[in-house]
Amino acid sequence: MSGLLERWQRRHRLFRSAGHEAACGTVHFRLAVDPDVPAGPRFLTFFDAEERPVGQLDHQVCAECSAVYVASIAVATHWQGRGVGREALTLVADLAPGYSWATSRQSAQGRGFFAALAEETGIDFVERGKRCPHM
């Protein structure tokens, strides 16, 4: 079993950010990436103070094409509206300054979220945008 764990740890580096104060509590983030697939899937998982997962941002980043693709973002109902999703996307944007952004199909709620975030950050989140050829 330890061989499987070691292989998983090599393939998925975990990063823990400092806690971020949301409107009603502290949330921290862990990013899992596969270093063998440079533009492969990345999973930024959000945790509350008790280490319970409260959301996840599934995305891809291609440094060669300076592109980010957001496949999905989900936040637990009781954490929605507290800035958790905004903080998650801001963290990714800080790691990819000047990159172009595309998203999967957006729900009505998602369109409002991305529109507000675009106004706040100046990033254009293109709905149903194309992924680069490396993704």
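Residue numbers start at 1 and run along the sequence shown. All values derive from a computational prediction rather than experimental measurement.
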### Task
Measure across Ala63 and Tyr99 and return the closest heavy-atom pair with its distance rounded to 0.1 Å.
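Residues Ala63 and Tyr99, closest heavy atoms: CA-OH, 3.4 Å.
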### Query
Shared ILVMFWY cluster between Val70 and Phe113, side chains joined below 4.5 angstrom?
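Same cluster: Val70 reaches Phe113 through Ile, Leu, Val, Met, Phe, Trp or Tyr contacts under 4.5 Å.
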#### Entry: N-O pairing of Glu87 and Arg82 below 4.0 Å
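Judged by the 4.0 Å cut-off on N to carboxylate O distance, Glu87 and Arg82 do not form a salt bridge.
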Atom pair [atom1] ([X]) and [atom2] ([Y]), whose distance is rounded to the nearest 0.5 Å:
X      : Y      : atom1 : atom2 : value
Leu91  : Leu31  : CG    : CG    : 9.5 Å
Gln109 : Phe114 : CD    : CZ    : 11.0 Å
Arg30  : Leu44  : CZ    : CG    : 11.0 Å
Arg42  : Asp34  : CZ    : CG    : 10.5 Å
Phe47  : Gln56  : CZ    : CD    : 8.5 Å
Ser66  : Trp101 : OG    : CH2   : 12.5 Å

Test of understanding: with side chain to side chain contact (heavy atoms under 4.5 Å, CB included), list the residues that count as partners of [X], not counting sequence neighbours.
X      : value
Thr121 : Leu117, Ile123, Phe125
Ala102 : Tyr69
Arg105 : Glu127, Arg128

### Query
Between Phe43 and Val33, does a side chain to side chain contact (heavy atoms under 4.5 Å, CB included) hold up when you go through it step by step?
CA-CA 7 Å; Phe43 307 99; Val33 299; over 6 Å; no
### Query
Do Cys65 and His134 come within less than 4.5 Å of each other through their side chains, counting heavy atoms only?
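Yes. Closest side-chain heavy atoms under 4.5 Å.
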### Task
Show your working on side chain to side chain contact (heavy atoms under 4.5 Å, CB included) between Thr45 and Phe29 and close with a plain yes or no.
CA-CA 6 Å; Thr45 307; Phe29 303 88; over 6 Å; no
Please identify each residue that fulfils side chain to side chain donor-acceptor pair (under 3.5 Å) with [X], with sequence neighbours left out.
X      : value
Thr103 : Gln106
Arg52  : Asp48, Glu50
Arg131 : Gln60

### Task
For side chain to side chain contact (heavy atoms under 4.5 Å, CB included), just list the numbers for Leu57 and Leu89, CA-CA rounded to whole Å, side-chain angles, deciding distance to a tenth of an Å, and then say yes or no.
CA-CA 8 Å; Leu57 169 62; Leu89 281 164; 3.8 Å; yes
